[in-house]
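Order of the sequence lines sets the chain letters (A, B, ...), proteins ahead of strands, with each chain counted from 1. Quick note: numbers below take in every heavy atom, side chains included, and nothing from hydrogens, waters or symmetry partners.
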Protein chains: 2
Amino acid sequence: MPKQPIRVELSSTKKPKPQSDQLEFGKIFTDHMFVMDYSIDKGWYDPRIIPYQAIPMDPASMVYHYGQSVFEGLKAYVSEDQKILLFRPEKNMERLNRSNDRLCIPQIDTETVLEGLNELIRIDKDWVPDAEGTSLYIRPFIISTEPYLGVAPSSTYKLIIILSPVGSYYKEGIHPVKIAVENEFVRAVKGGTGNAKTAGNYASSLKAQQVAETKGFSQVLWLDGIEKKYIEEVGSMNIFFKINGEIVTPELNGSILEGITRNSVLELLKHWEIPVTERKISIDELIEAHQSGELEEIFGTGTAAVISPVGELIYHDQPYVIQNGQTGEVSKKLYEAITGIQKGTQPDIFGWTVEVDSVVKQA
Amino acid sequence: MPKQPIRVELSSTKKPKPQSDQLEFGKIFTDHMFVMDYSIDKGWYDPRIIPYQAIPMDPASMVYHYGQSVFEGLKAYVSEDQKILLFRPEKNMERLNRSNDRLCIPQIDTETVLEGLNELIRIDKDWVPDAEGTSLYIRPFIISTEPYLGVAPSSTYKLIIILSPVGSYYKEGIHPVKIAVENEFVRAVKGGTGNAKTAGNYASSLKAQQVAETKGFSQVLWLDGIEKKYIEEVGSMNIFFKINGEIVTPELNGSILEGITRNSVLELLKHWEIPVTERKISIDELIEAHQSGELEEIFGTGTAAVISPVGELIYHDQPYVIQNGQTGEVSKKLYEAITGIQKGTQPDIFGWTVEVDSVVKQA
């Protein structure tokens, strides 16, 4: 697939911008969006930037009925010298194509989409917030659009990128959260779609999350769907444990999402020569480690929260306090390192950040 | 929830109707649709019939990202005396509310929706086809519409009913199909969403179906996601086996959809005093029954196909021919009984059909 030229249609009006220090997560969107269509005859065609707008969709559009939908989430940050930095965007594009494969959605030309994203941010650059903890959240997604009720892959699709200036994902911020081990509901199983970033995984997770919230917990800790024994993810994040000085995270097994923050954490830990292992880890092992005083830290990793320390684990109604309910040393160090690289205040030793071309944000 | 009055806005133009004998499945839609909205303040409100039309949707609408989507499928038939009959529509409404519960979508008032469906069919009555094997396929569905990127249940929804005059679902018609046992992909697992009629289940199934088709098979036979041992469903249908004179179907276990045709088949078999059991059945038991000559019939059941006989089963690349590749006696008898009741040519001994009020179709 050759890279395609991008058409631009600017909005004639500009929406009012929110105050940087009053941002929530994912409720406000910028003035423009990137759109590209797919048909069997043309392949992906007409990449374009147009004013942010509602899209007329036939009620028979397949996405409503058979859920072919994949997405990504990444962020842009303003650096101290007022450049706009993206964090490992090529990783998101690669994962989007892996999700596409699982959902029978045609592969995209990642260069065209990255170019479209670059251009979109250039146009909406004044929307990138710069207050502490804020960023521009980027949501690329693909949906099936053919109006047809047969159960089959759609013959037409839309890829869309929307942008949202955001504050912290969790209202509790970087403070440690309470999580509860989920015993009834299952997020995903090997042979299913757990390692694809597709809408159905999130739909399936809502019920457990709702039950957990009524009990006062922030997130659920997902166990594997087969033996209900091995730990998989926490909420919509990957999870890490520090046990007796060693960091452990569940190995990628086909039902766990291959998180980009997860990967960055692994690379940083290796660079720091902190022992880290990807392997199966059971809830029993975790409880035993807690009882012997060896469970030193728990934290989730994801684009929205970056690092989310866990202060308390609930299993069979029994609370297990972690690190006295405080943020652990490794969690803190990782959060500072990753957000530092993302915002350009720390040296980008891995070459993770990508500068949005020729943009200097006006102060 | 009290039943609500339904507003009607008729279309000023009429689309050309397709020839009854040239219908495909789910590609053509009638002149009108039923729509109802939900907000936390108002509950479900403004039930209305409006011209069939595309609906403007914000690109941040939650259904595209987190997949809160449930649906139903049922059919309307023309009887010999030109009445329009629905088949057990209250069962679909009950199941829709069970799906709603699993997907954190608010419960609907089933009376309002059934009244809306009745009125919609009354208005589009000339679209109900009457050629042999045809019917009006009815697709009620609910989607989340709040423009918000946080992973949480939406605060707004749309319920829509669209109608499509259809021919047979399977191009092969009532002829027996080839199905292949799926060993890699999993449709659903206990604790997941397998027993809800939600988009994600179908999205997840496409890949296995696509692989099966390239090998010349019509459908995949799904095994349980835990042991990969017990039979669950076939394609998007429930499945039945006749083994040594007894009919067996997998018991409802939380990951199998509670099919309405499945239920009708069970009731008919009991009425006919044919022995029938709902229980776990393993693929090994099935292969053994074939080898001892006791596997007499296999058939799928679902709204779209009604009864779909299986002529060949493929397991580990080995073909097992069923009933010499012909439609079995029980499959035939069930198909004739159910379609007979649906079309009013056989006595409705169970009270399954519901007449659309005051409609006599013009010949």
Open item on the list: For a quick check under 3.5 Å, do Y66(B) and N201(A) share a side-chain donor-acceptor pair by atom type?
Closed with: no
Open item on the list: Nearest 0.5 Å, please: how far is NE2 in H65(B) from OG1 in T198(A)?
Closed with: 12.0 Å
Task: Region of L103(A) that comes under 4.5 Å of a non-hydrogen atom in chain B - done: both
TODO: Looking only at non-hydrogen atoms, find the nearest pair between G67(A) and A199(B) and report the distance.
DONE: N-CB, 3.4 Å
Task: Structural part of Q68(A) lying under 4.5 Å from a heavy atom of chain B - done: both
TODO: May I ask you to name which of D224(A), N183(A), D58(A), I142(A) has the most heavy-atom pairs under 4.5 Å with chain B?
DONE: D58(A)
TODO: Would you give the length of the straight line joining atom CG of L149(A) to atom CD1 of I28(B), rounded to the nearest 0.5 angstrom?
DONE: 11.5 Å
Task: chain B contact via M33(A) - which portion, at a heavy-atom distance below 4.5 Å - done: side chain
Task: Interface residue of largest heavy-atom contact number with chain B, from A188(A), P147(A), A203(A), under 4.5 Å - done: A203(A)
Task: Contact class of F71(B) relative to chain A, heavy atoms under 4.5 angstrom - done: side chain
Task: Heavy-atom proximity to chain B below 4.5 Å, by part of I160(A) - done: side chain
- [ ] Please flag which part of I162(A) lies under 4.5 Å from any non-hydrogen atom of chain B: side chain, backbone, both or neither.
- [x] side chain
Open item on the list: Whether the side chain of K207(A) engages the backbone of D101(B) through a donor-acceptor N/O pair (distance < 3.5 Å, no angle test) should be reported.
Closed with: yes
Task: Interface residue of largest heavy-atom contact number with chain A, from C104(B), G225(B), P59(B), under 4.5 Å - done: P59(B)
Task: Sidechain-backbone polar pair: R102(B) side chain, S204(A) backbone, donor-acceptor under 3.5 Å - done: yes
Task: Sidechain-backbone polar pair: S69(B) side chain, Y64(A) backbone, donor-acceptor under 3.5 Å - done: yes
Task: Portion of F185(A) that has a non-hydrogen atom of chain B nearer than 4.5 angstrom - done: both
- [ ] Let me know if Q53(B) has heavy atoms under 4.5 Å from chain A in its side chain, its backbone, both or neither.
- [x] backbone
Task: Residue among I143(B), I55(B), V189(B) with most heavy-atom pairs under 4.5 Å to chain A - done: I55(B)
Open item on the list: At a 4.5 Å cut-off on heavy atoms, which part of F29(A) comes close to chain B: side chain, backbone, both, or neither?
Closed with: side chain
TODO: Check whether E182(A) gets within reach of chain B through its side chain, its backbone, both or neither, counting any heavy atom under 4.5 Å.
DONE: neither
- [ ] Against chain B, label K190(A) side chain, backbone, both or neither, depending on which of its atoms sit under 4.5 Å from a heavy atom there.
- [x] backbone
Task: chain A interface, residue from A60(B), S164(B), S205(B) that has the most non-hydrogen pairs under 4.5 Å - done: A60(B)
Task: Heavy-atom pairs under 4.5 Å with chain A, option from Q209(B), R139(B), M62(B), K228(B) with the top count - done: R139(B)
- [ ] Dump the intermediate steps for side chain to side chain contact (heavy atoms under 4.5 Å, CB included) on V151(A) and L206(B), then the final yes or no.
- [x] CA-CA 8 Å; V151(A) 178; L206(B) 296 174; 4.1 Å; yes
Open item on the list: Which one wins on heavy-atom pair count under 4.5 Å against chain A: G192(B), G26(B), G200(B)?
Closed with: G26(B)
